[in-house]
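We name chains A, B, ... by the order of the sequence lines, and we start the count at 1 in each one.
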Protein chains: 2
Amino acid sequence: MTGYAPAEAARRSGFSLDTLRYYEKIGLLADVERTAGGQRVFTDDDLGWLVLFRCLRDTGMPIAQMRRYAQLAREGEHTVDERRELLRRHAEQVEEQMRLLQRQYDHLREKIRFYERLPTAEQPTAEQPTAGQPAATALSGG
Amino acid sequence: MTGYAPAEAARRSGFSLDTLRYYEKIGLLADVERTAGGQRVFTDDDLGWLVLFRCLRDTGMPIAQMRRYAQLAREGEHTVDERRELLRRHAEQVEEQMRLLQRQYDHLREKIRFYERLPTAEQPTAEQPTAGQPAATALSGG
DNA sequence: CCTTGACCTGGAGCGCACTCCAGATTGGAG
DNA sequence: CTCCAATCTGGAGTGCGCTCCAGGTCAAGG
């Protein structure tokens, strides 16, 4: 309950063993406890951090910034304001990212609809340009 | 109207000059027209492709796959089915990507709400674990 | 003409985030 | 005690997508 072997930590976090070691090596994950023989024992606390890192990584935060956050957390409670602001700024970037992704997804869907209107392989080069798309796009990418 | 200098193409597409040259070099963008002296002249058609590449790139398609798509388009109308399928599969991946991003964004917002409930730097280590978050997360990342 | 800023080429280098490797050690099952 | 799968370390290598550079060439304004 209180300690996980590396393989188990990897399984639970979804990170590879190498990545776990790498995260510790670069000081993202704080020094992990060891057995007498030197093998890692991950705690629930470590696992909690890994869940957070996954969240931040999946939303595109660079490792350097995650490390900054982790560093702040280790410094103590007087850094909560800075940590909160760091997360807020990141959340804003994620929002922007989501808007862009949605826009480009819509664009992509329109492209697909263009293909779906084709009678499945016909017509040499006579299409009306889709609204907002240059004729070239319909021609080349169509 | 029909021809753009490299700098203009870069401005309009949002790609750097180096990236435009790179895309041509690796065969993503078809050979661009040249002046007698060898300088590139981008057409509206090229620009259309660049818009598409931006869409695909922004949605996370690897260059190899974009190149495959471009290759198919160059091969002619008999590849429309394969192109459509390629885009559809990609769109599905984008949907998955959007779902993941949304999930992790929600997670992030919850983390931020945790910070917002703190009276701005107080309390040693006595919090109730947020639902679904291991106590460790609230502790370490909180 | 002449200048000068934009452009050319081939190829090296970079930043990120891992991933892999060799060779040694550990530790639980039998 | 033996075995062997899991783990350890330091460091090299990988893949992606550019980005930069040196050393020349081109072309439009004055």
Student: Does D:dA6 have OP1 or OP2 sitting under 4.0 Å from an N or O in the side chain of A:R11?
Tutor: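 Negative; the distance criterion is not met.
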Student: To the nearest Å, how far apart are B:E8 CD and C:dA6 P?
Tutor: 13 Å
Student: In this structure, how many angstroms lie between the C1' atom of D:dT7 and the CZ atom of A:F42, rounded?
Tutor: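 It is 11 Å, rounded to the nearest whole Å.
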Student: Is B:R34 atom CZ crowded by more than 12 heavy atoms from other residues, nucleotides or ligands, each under 6.0 Å away?
Tutor: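 Above 12, so yes.
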Student: Using a strict 4.0 Å threshold on nitrogen-to-oxygen distance, state whether A:R21 and A:E24 make a salt bridge.
Tutor: no
Student: Which part of the nucleic acid does B:A64 contact within heavy-atom distance under 4.0 Å: base, sugar-phosphate only, or nothing?
Tutor: nothing
Student: In whole angstrom, give the distance that lies between atom CD1 of B:I26 and atom C1' of D:dC16.
Tutor: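 From B:I26 CD1 to D:dC16 C1': 11 Å.
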Student: Report the distance from atom CD of B:Q65 to atom C1' of D:dG15, rounded to the nearest whole Å.
Tutor: 16 Å
Student: Let me check something: do B:F42 and B:I26 share a hydrophobic cluster, defined by ILVMFWY side-chain heavy atoms less than 4.5 Å apart, either directly or through other members?
Tutor: yes
Student: For a quick check, with a 4.0 angstrom heavy-atom cut-off, what is the B/S/- contact string for nucleotides 18-30 of chain C, read 5' to 3'?
Tutor: BBB-----SS---
Student: Calculate the interatomic distance between B:L28 atom CG and D:dC18 atom C1'; express it in whole Å.
Tutor: 13 Å
Student: Where do B:Y4 and B:L47 come nearest, in terms of heavy atoms and distance?
Tutor: CD1-CD2, 3.8 Å
Student: With a 4.0 Å cut-off on N to O distance, would you call A:R88 and A:E92 a salt bridge?
Tutor: no
Student: Atom CZ of B:R67 to atom C1' of D:dC18: distance rounded to whole Å?
Tutor: 14 Å
Student: Please tell me if A:R40 has a side-chain N or O lying less than 4.0 Å from either OP1 or OP2 of D:dT9.
Tutor: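 Looking at the OP1 and OP2 atoms of D:dT9, one of them is under 4.0 Å from a side-chain N or O of A:R40.
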Student: Please report, rounded to the nearest Å, how far the P atom of D:dT19 is from the CG atom of B:L20.
Tutor: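 Checked: the CG to P distance equals 11 Å.
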Student: Name the one of B:Q102, B:R103, B:R109 that satisfies side-chain hydrogen bond (donor to acceptor under 3.5 Å, both in side chains) with B:D106?
Tutor: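 Among B:Q102, B:R103, B:R109, the one meeting side-chain hydrogen bond (donor to acceptor under 3.5 Å, both in side chains) with B:D106 is B:Q102.
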